[in-house]
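In the text below, chain A, chain B and the rest are named by the order of the sequence lines, each starting its count at 1.
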2 protein chains.
Amino acid sequence: MSGRTWGGTTLADRKAVRRQQLLIAALELVGEAGMAGVSVRAVCRTAKLTERYFYESFADREELLVAVFDQVSAEAAVALFEAADIGGGTEAVAKAAVAAFVELIVDDPARRIVLLAAPLSEPALARRQTELLPRFISVVQGQAPGSMSAQEREMGALAVLGALQSLFLAYVDGRLTVGRDALVSYCVRMLISAYRVGSRMGITD
Amino acid sequence: MSGRTWGGTTLADRKAVRRQQLLIAALELVGEAGMAGVSVRAVCRTAKLTERYFYESFADREELLVAVFDQVSAEAAVALFEAADIGGGTEAVAKAAVAAFVELIVDDPARRIVLLAAPLSEPALARRQTELLPRFISVVQGQAPGSMSAQEREMGALAVLGALQSLFLAYVDGRLTVGRDALVSYCVRMLISAYRVGSRMGITD
DNA sequence: CTTTATTGACTACGACTGTTGTCAATCCTA
DNA sequence: TAGGATTGACAACAGTCGTAGTCAATAAAG
């Protein structure tokens, strides 16, 4: 049965192709109309597939969104790892990674929405992002000081993520009027110093 | 004409009452179904008013949302100012304010969504929040160091806002498993040290 | 009582949604 | 060629949406 073909391809291959078509269509819709533009019918319409094929790969919209997020995240991770692979100290690495990320989100509205904005309004993506967060953070921060508890580390990562999301989204919205270099520089410094919040107990003003 | 009454009240008064009914209905819908639950028809249904009265006070959904945001923000600001009005140093003030804010958002899901989550998915609210941000931040941070540029101050405020949003939303979602005291403590330290990022030029690791 | 303003309950337009089923046409294998 | 799998194009159900107009009933003032 699995060897049977249609148009020269197996059913498994056709399913994989259709699945990818749906992911691409969803990302395209995000870019055009934001997350609200991603409905089952809209995605199928854009992919030129009937709704039957949606349910071939995804139980519901949420499952599709998570798959889109995973795919875009994986691409972003590759870009970050490549940008950070320049050797040098923590600051140089952080700067390269942040600059690469700023370029990615400025240049690609759809991916920006998926990576930064969507997790803020889609609970499933927020959870997924939280799961993947340590991986992204580790690119630029290396090892946390041993004195930090797991909780401090967790809070630090979430705080950094929130801060970056806020800054980047404000920057592209025009709510933050600074140059790109200043933004990158600030983010780098923030990333590097983030552990200081947690690593210095008993701070007084 | 303005003195003419209906049921003992003037037209202006009735308009004000209906407007408030719509605001209350919107907040109630937020609590039940998130921002997606707030449509013109749903709000009017909940307020038991016909759609005509929606357009009496608001041009569209966005204008209603901004009004809801403004009202909830004003209430939150009062709560923060009262909590912070305890005298003492910056840390004590910050702690009181953060603890009060955490209590507010944990106890009131609708207000939490309006204050923290909605600005992340509704552009008009993001802009409004950016405008009001300096006011909230000033409660707990007093004056920024004179050495900071306006840009650094702006970025610092946005970073802090994003960090707090991220931490609080993760906390109430169960994505961040720490105690409330640990969260408050971390946020206070972060708030107090946020200016250090900007105030120390040329940080090296 | 007459006139005007206000209210409440619809209708209309032109779409949209998620999910599932039906049926005819096409393709493939034996 | 026959049988079964696959495809493509719908229809169906039961709703939803934003915006504006219509009309009868009610209220108020002179």
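Summarising the geometry, the separation between CZ on B:R52 and P on C:dT6 is reported as 11 Å, rounded to the nearest angstrom. Per the geometry, CZ belonging to A:R41 stands 11 Å off C1' belonging to C:dT20, to the nearest Å. Put simply, CD on A:Q21 is 11 Å from P on D:dT7, counting in whole angstrom units. Rounded to whole Å, atom P of C:dA5 lies 16 Å from atom CD of B:E56. For the pair B:E51 CD and D:dT19 P, the interatomic distance rounds to 10 Å; values are reported in whole Å. Atom pair B:K48:NZ and C:dT7:P shows a separation of 18 Å (rounding to whole Å applied). Distance, B:L64 CG to D:dG18 P: 11 Å, rounded to whole Å. The separation between B:D60 atom CG and D:dA20 atom P is 10 Å, rounded to whole Å.
Contact annotation for B:T50: base contact, defined as any heavy-atom pair under 4.0 Å involving a base atom.
Of the listed nucleotides (C:dC13, D:dT7, C:dT7), D:dT7 has the atom at the smallest distance from the side chain of A:R14. Taking every side-chain heavy atom of A:R45 into account, C:dT17 is the closest of C:dT17, D:dT19, C:dT19. Of the listed nucleotides (D:dA9, D:dG18, C:dG18), D:dG18 has the atom at the smallest distance from the side chain of B:Y55. For A:L11, whose side chain is taken as the heavy atoms from C-beta onward, the closest listed nucleotide among C:dG8, D:dT7, D:dG18 is D:dT7. Comparing atom distances between the A:Y53 side chain and each of D:dT7, D:dA28, D:dC17 picks out D:dT7 as nearest. Comparing C:dA5, C:dG8, D:dA9 by their nearest atom to the side chain of B:R4 picks out C:dA5.
Counting atom types as modelled, B:R61 pairs no side-chain N or O with a base atom of D:dG18 as donor and acceptor under 3.5 Å.
Checked options A:F81, A:F136, A:F168; the residue passing with A:F101 is A:F168 (criterion: ring-ring contact (aromatic ring centres under 6.0 Å, His included)).
Salt-bridge formation is not detected for the pair B:E62/B:R128: no Lys NZ or Arg NE/NH1/NH2 atom is positioned less than 4.0 Å from an Asp or Glu carboxylate oxygen. In this structure, B:R61 pairs ionically with B:E122, as a charged nitrogen and a carboxylate oxygen lie closer than 4.0 Å.
For the pair A:D60 and A:Y55, the minimum side-chain heavy-atom distance is 4.5 Å or more.
Counted by atom type alone, B:R14 and B:T10 present zero donor-acceptor pairs between their side chains at under 3.5 Å.
Between B:T5 and D:dA29 there is a side-chain N or O to OP1 or OP2 distance below 4.0 Å.
Each of B:A59 and A:R18 lies near DNA chain D, and the nucleotide nearest A:R18 is the one positioned closer to the 5' end. Comparing B:W6 and A:W6, the nucleotide of DNA chain D nearest to each residue sits closer to the 5' end for A:W6.
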